[in-house]
Amino acid sequence: MPELPEVETIRRTLAGHVTGKRIIDIDLLWPGAVRGWQEHNFRDIVKGRQIEEIERRAKYLLIRLDQGWTLIAHMRMTGRLLYFLQATPPERHTHLIMTLDHGHLHFADQRKFGRILAIPTKEIPIWPSLAILGPEPLAAEFTVDVLAERLTGKKTNLKAKLLDQTVLAGLGNIYADESMFRAGLLPERPANSLTSEEMRRLHQAIQAVLRAGIESMGTSFRDYRDANGEKGSFQEFLQVYGRGDQPCRRCGQHLEKQKIAGRTTVFCRHCQH
DNA sequence: CCTTATGCCTGAATGC
DNA sequence: TGCATTCAGGCATAAG
């Protein structure tokens, strides 16, 4: 499920292929992929536009077009943005095909949760889903003090806060669990109970896990692929996610699996406190 | 402020 | 083996 490292990898693998290319045709196989009023206008808005730049904000891809339009793409669970140099028969669950003046961009999504919206660029800063996002965890501005400030007074469990995109933006279930394991912190800990030493470890762990995830081109636990259709390899390095009831790689004890904050959460009670 | 539930989806895994 | 149920989960939204 594309989280920050996966979306960043899609951005990087896509940028070289499509930056500067022009969208010459749109084939909308499932109108729900662009949703609402856009179903009627998406084609008119996007056809003929040139792709100027691809940015990322949290788990969102921002595809800047000319003439004041931006595509906001979110993969949610199973979305894929795939680039093909040659015209290629669409794989199953392909909902949108953008024919470029050089190559083809397919949006496919088995679960149909993902979306691509066309938004006027000037409205991007006030677009609600983006405006509420907390800091980028890999930005220089995201210091340990910023993290501490955003967790003060929050007696909710740590897992819920790490998944809360308004606290910090980009973690999902995989990297939240991996971060807490690396920091040696139990997911059920009240977020305001961390000592400054623990806060420092958490901050360090979040950044290290995300950087390692990007380094590995993301986690292909099941569906995720980059823009070239390639799997990432971070699944080989997961310590806890998807390993419930298996032995801890660090201490050998049984990893616990529990629903916390509504999500399956895996942790080691021996290594995390 | 907070938490929990629901809907959106399909396919893999599990239960009987 | 086959059919039915559960589970996976990001995020918007509603309800408690």
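Within every chain, numbering begins at 1; the chains are lettered A, B, ... in the order of the sequence lines, protein sequences first and strands thereafter. Just so you know, these numbers come straight off a predicted model, no measurement behind them. Atoms considered below: every heavy atom in the structure, side chains included; atoms not considered: hydrogens, waters and symmetry mates.
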Chemist: Quick check: on DNA chain B, is the nucleotide nearest Ala261(A) upstream (toward 5') of the one nearest Gln110(A), or the reverse? Name the residue that is more 5'.
Modeler: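 Whichever sits nearer the 5' end wins; that is Ala261(A).
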Chemist: Measure the distance from CG on Asp245(A) to P on dC7(C) and round it to the nearest whole Å.
Modeler: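 Going from CG in Asp245(A) over to P in dC7(C) covers 14 Å.
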Chemist: List the protein contact pattern of nucleotides 10-16 of chain C with one symbol per nucleotide (5' to 3'): B for base contact, S for sugar-phosphate-only contact, - for none; contact means a heavy-atom distance under 4.0 Å.
Modeler: BBS----
Chemist: Give a yes/no on whether any side-chain N or O of Lys155(A) is located under 4.0 angstrom from OP1 or OP2 of dC2(B).
Modeler: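 Answer no for this pair, as no side-chain N or O of Lys155(A) is under 4.0 Å from OP1 or OP2.
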Chemist: Taking Arg189(A) for its side chain and Ser193(A) for its backbone only, find out whether a donor-acceptor pair lies under 3.5 Å.
Modeler: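 At least one qualifying donor-acceptor pair exists.
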Chemist: Whole angstrom is fine here: how far is it from CG in Asp223(A) over to C1' in dG11(B)?
Modeler: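 Computing the Asp223(A):CG to dG11(B):C1' distance gives 9 Å.
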Chemist: Less than 4.0 angstrom between a side-chain N/O of Lys257(A) and OP1 or OP2 of dC7(C), yes or no?
Modeler: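 No, no such contact exists.
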Chemist: Is the shortest side-chain N/O distance from Lys154(A) to OP1 or OP2 of dC1(B) below 4.0 Å?
Modeler: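 So the side chain of Lys154(A) is outside the cut-off, no N or O lying under 4.0 Å from OP1 or OP2 of dC1(B).
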Chemist: Quick check against the 3.5 Å criterion: does Arg76(A) have a side-chain atom that pairs as donor or acceptor with the backbone of Gly114(A)?
Modeler: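 No.
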Chemist: From the set dT10(B), dC2(B), dC9(B), return the single nucleotide nearest to any side-chain atom of Trp30(A).
Modeler: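 Closest nucleotide to the Trp30(A) side chain: dC9(B).
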Chemist: Does the gap between the ring centers of Phe142(A) and His203(A) come in under 6.0 Å?
Modeler: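 Yes: the rings meet the under 6.0 Å criterion.
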Chemist: Whole angstrom is fine here: how far is it from CG in Asp109(A) over to C1' in dG11(B)?
Modeler: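 Rounding to the nearest Å, CG of Asp109(A) and C1' of dG11(B) are 13 Å apart.
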Chemist: With distance as the sole criterion, is a donor-acceptor pair present between the side chains of Tyr175(A) and Thr219(A) under 3.5 Å?
Modeler: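 Yes, side-chain donor-acceptor contact under 3.5 Å.
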Chemist: Starting at the 5' end of DNA chain B and moving along, which residue's nearest nucleotide shows up first, Lys161(A) or Arg222(A)?
Modeler: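 Its nucleotide being nearer the 5' end, the pick is Lys161(A).
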Chemist: Could you check whether Phe221(A) and Tyr241(A) have their ring centres less than 6.0 Å apart?
Modeler: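 Yes, close enough.
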Chemist: Using only side-chain N and O atoms of His93(A), determine if any of them is under 4.0 Å from OP1 or OP2 of dC9(B).
Modeler: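 Negative; the distance criterion is not met.
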Chemist: What about Phe84(A) and His104(A), are their ring centers closer than 6.0 Å?
Modeler: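 Ring centroids of Phe84(A) and His104(A) are no less than 6.0 Å from each other.
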Chemist: For a quick check under 3.5 Å, do Asp109(A) and His95(A) share a side-chain donor-acceptor pair by atom type?
Modeler: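 Side chains of Asp109(A) and His95(A): no pair found under 3.5 Å.
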Chemist: To the nearest angstrom, how far is Arg92(A) atom CZ from dT10(B) atom P?
Modeler: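 One finds 9 Å between P of dT10(B) and CZ of Arg92(A), rounded.
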Chemist: Separation of Arg80(A) atom CZ from dG11(B) atom C1', in whole Å?
Modeler: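 Between C1' of dG11(B) and CZ of Arg80(A): 13 Å.
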Chemist: Taking NE2 from His95(A) and C1' from dC8(B), how many angstroms apart are they, rounded to a whole number?
Modeler: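 Result: 12 Å.
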Chemist: Provide, to the nearest angstrom, the distance between the CZ atom belonging to Arg115(A) and the P atom belonging to dG7(B).
Modeler: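 One finds 16 Å between P of dG7(B) and CZ of Arg115(A), rounded.
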Chemist: Return no unless some side-chain N or O of Thr264(A) is found under 4.0 Å from OP1 or OP2 of dA8(C).
Modeler: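 Yes, because at least one side-chain N or O of Thr264(A) sits under 4.0 Å from OP1 or OP2 of dA8(C).
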Chemist: Considering every strand and a 4.0 Å limit on heavy-atom distances, what is the contact class for Tyr241(A): base, sugar-phosphate, or nothing?
Modeler: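 Sugar-phosphate contact only - Tyr241(A) comes under 4.0 Å of backbone atoms but never of a base.
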Chemist: In whole Å, what is the span from the CZ atom of Arg150(A) to the C1' atom of dC1(B)?
Modeler: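 In whole Å, dC1(B) C1' and Arg150(A) CZ are 16 Å from each other.
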